[in-house]
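Input: a single structure, listed below in C-alpha cells.
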2 protein chains.
Amino acid sequence: MPVKLDFQLDFRSGVPIYTQIAEELRRKIASGQLKPGDQLPTVRELATELRINFNTVSRAYRVLDEVRLISTQTGRGTYISEAPTEEAILQLKQKSLRELAQTYLEDAARMGFSAQEARAEVDRLCETGNHTGENA
Amino acid sequence: MPVKLDFQLDFRSGVPIYTQIAEELRRKIASGQLKPGDQLPTVRELATELRINFNTVSRAYRVLDEVRLISTQTGRGTYISEAPTEEAILQLKQKSLRELAQTYLEDAARMGFSAQEARAEVDRLCETGNHTGENA
DNA sequence: TCCCAATTTGTATCATTGTATCATTGTACG
DNA sequence: CGTACAATGATACAATGATACAAATTGGGA
C-alpha cells in the first residue's frame, strides 16, 4: 500500500506545483521519511488529495524519475529507488573491456556465429550509430 | 518438467516487461538453449519467479505463439515449437546477434569506453584468435 | 475401465496506473 | 492588444494487475 504523504501546496507562491511536489518528495527522501522500495501514492490518488490534475503529479514524478530518485512504471506504480545502482556499475567496472569483448564473442559463438560475423555486426552498429541505446 | 529460465528484468528500461520476456526467450531459442519440445514454465510459475503478474507472462507467450515460435495450450502448458523454419531461425539469429552486439557496446559505454574502442577490442581478439573461450 | 470432481493451465475481460498529446489558462514582454 | 511561453488540465492510450472463466489433465472410486 502506498505511503501517506501529507503536505500543503502554496498556490500563490509562484513556484510551479510540480516543483513544490518534487521538492517535498526530495526532502522526505533525504530525511529518510521515504525509504527505498516505498510505494508512492498513484498520480491520481495524490492529485485528488491535493485537488490538482494528475498530470501535474505525473510531471513531478517524472522530474524525480529522471534523476533516479524514484522509479515510475506504467501499470505498476511509483517507488522510491533502491539504494544507488552502483552495484551493477561496479560489477561492470571490475571487468575489463577485453573480458567484455570476449564474452560477446563467446555468446555469439554459442549461437553459431563466427568471430568474423560478430565483428561485422559491431562494425555495422558503430557505423549506423545505433549503439547509443536511445531506446531506453 | 519445465525448463529453468533464469534472467533478470529491467523495470527501469522503459521496455515493456512482456517484451523483455519475449526477447529473452527468443534469444534462448536462437542460441539453442531452448529446444523444440521443451516445456516452458507455466505462466504462474514464471510470474512468481519474476515477481510480476501472470497475465504479463501470458502476453509474452502470446507474442511468441503468434509467430509460431512456441505453442501454448490451455490446460497443457507452453512448449517450444517443433521444427521452426530455417528462415525463422535465421531471422532470429540475426536479430539476436544485433542485440548482443548492442548490449556489448552499451556495457562498454557504461565503463567509459567509446564505440570505437570497443570495436577495436573485438578486432584485436579476432586477430589473436583469443575468442575461443579458454577463459571461461 | 470409466466417470467425475478437483486441480492445473492458459485466456478473456475489465480495472488500475503512468504516459503522450493537445487544449486551456495565465503571465510577461513587445 | 497581441504574441510567446510555461504551467496546468482534459482526453485518449499502453502496460500491468485482479478476477472469473474455459480447456486439459489427473487421480480416486465405482
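Keep in mind that what you see is a predicted model, and the values were worked out from it rather than measured. In the text below, chain A, chain B and the rest are named by the order of the sequence lines, each starting its count at 1.
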Is [X] close enough to [N] that one of its side-chain N or O atoms is under 4.0 Å from OP1 or OP2 there?
| X | N | result |
| --- | --- | --- |
| B:Thr56 | D:dA15 | no |
| A:Ser58 | C:dG18 | no |
| A:Thr78 | C:dG18 | yes |
| B:Arg76 | C:dG10 | no |

Would a distance-only check, ignoring hydrogens and angles, find a side-chain to backbone donor-acceptor pair under 3.5 Å from [X] to [Y]?
| X | Y | result |
| --- | --- | --- |
| A:Ser31 | A:Arg27 | yes |
| B:Glu117 | B:Ser114 | yes |
| B:Thr103 | B:Glu99 | yes |
| B:Thr48 | B:Arg44 | yes |

Under a 4.0 Å heavy-atom cutoff, the residues of residues 6-29 of chain A touching DNA chain C are none
Distance-only donor-acceptor check, side chains B:Thr78 and B:Gln39, under 3.5 Å:
no
Separation of [N] [atom2] from [X] [atom1] (nearest whole Å):
| X | N | atom1 | atom2 | value |
| --- | --- | --- | --- | --- |
| A:Tyr79 | D:dG17 | OH | C1' | 10 Å |
| B:Gln39 | C:dT8 | CD | C1' | 11 Å |
| A:Glu45 | C:dT17 | CD | C1' | 10 Å |
| B:Leu46 | C:dT9 | CG | P | 13 Å |
| B:Asn55 | C:dA12 | CG | C1' | 9 Å |
| B:Tyr61 | C:dT9 | OH | P | 11 Å |
| A:Arg62 | D:dA7 | CZ | P | 12 Å |
| B:Ile52 | D:dG17 | CD1 | P | 6 Å |

Find the distance between CD1 (B:Ile17) and CD (B:Gln20) and round it off to the nearest 0.5 Å.
6.5 Å
From D:dT11, D:dA18, D:dG17, nucleotide with atom closest to A:Phe54 side chain:
D:dT11
Once ring-ring contact (aromatic ring centres under 6.0 Å, His included) is applied, what residue pairs with a partner in residues 98-123 of chain A remain, sequence neighbours excluded?
A:Tyr104-B:Tyr104
Any strand is fair game: report the nucleotide pairing with D:dA12 by Watson-Crick or G-U wobble, both distances under 3.5 Å, or none.
C:dT19
Answer with yes or no whether B:Asn53 presents, from its side chain, a donor or acceptor under 3.5 Å of a partner atom in the base of D:dA15.
no
Taking donor-acceptor contacts at under 3.5 Å, does the side chain of A:Arg44 reach the base of C:dG18?
yes
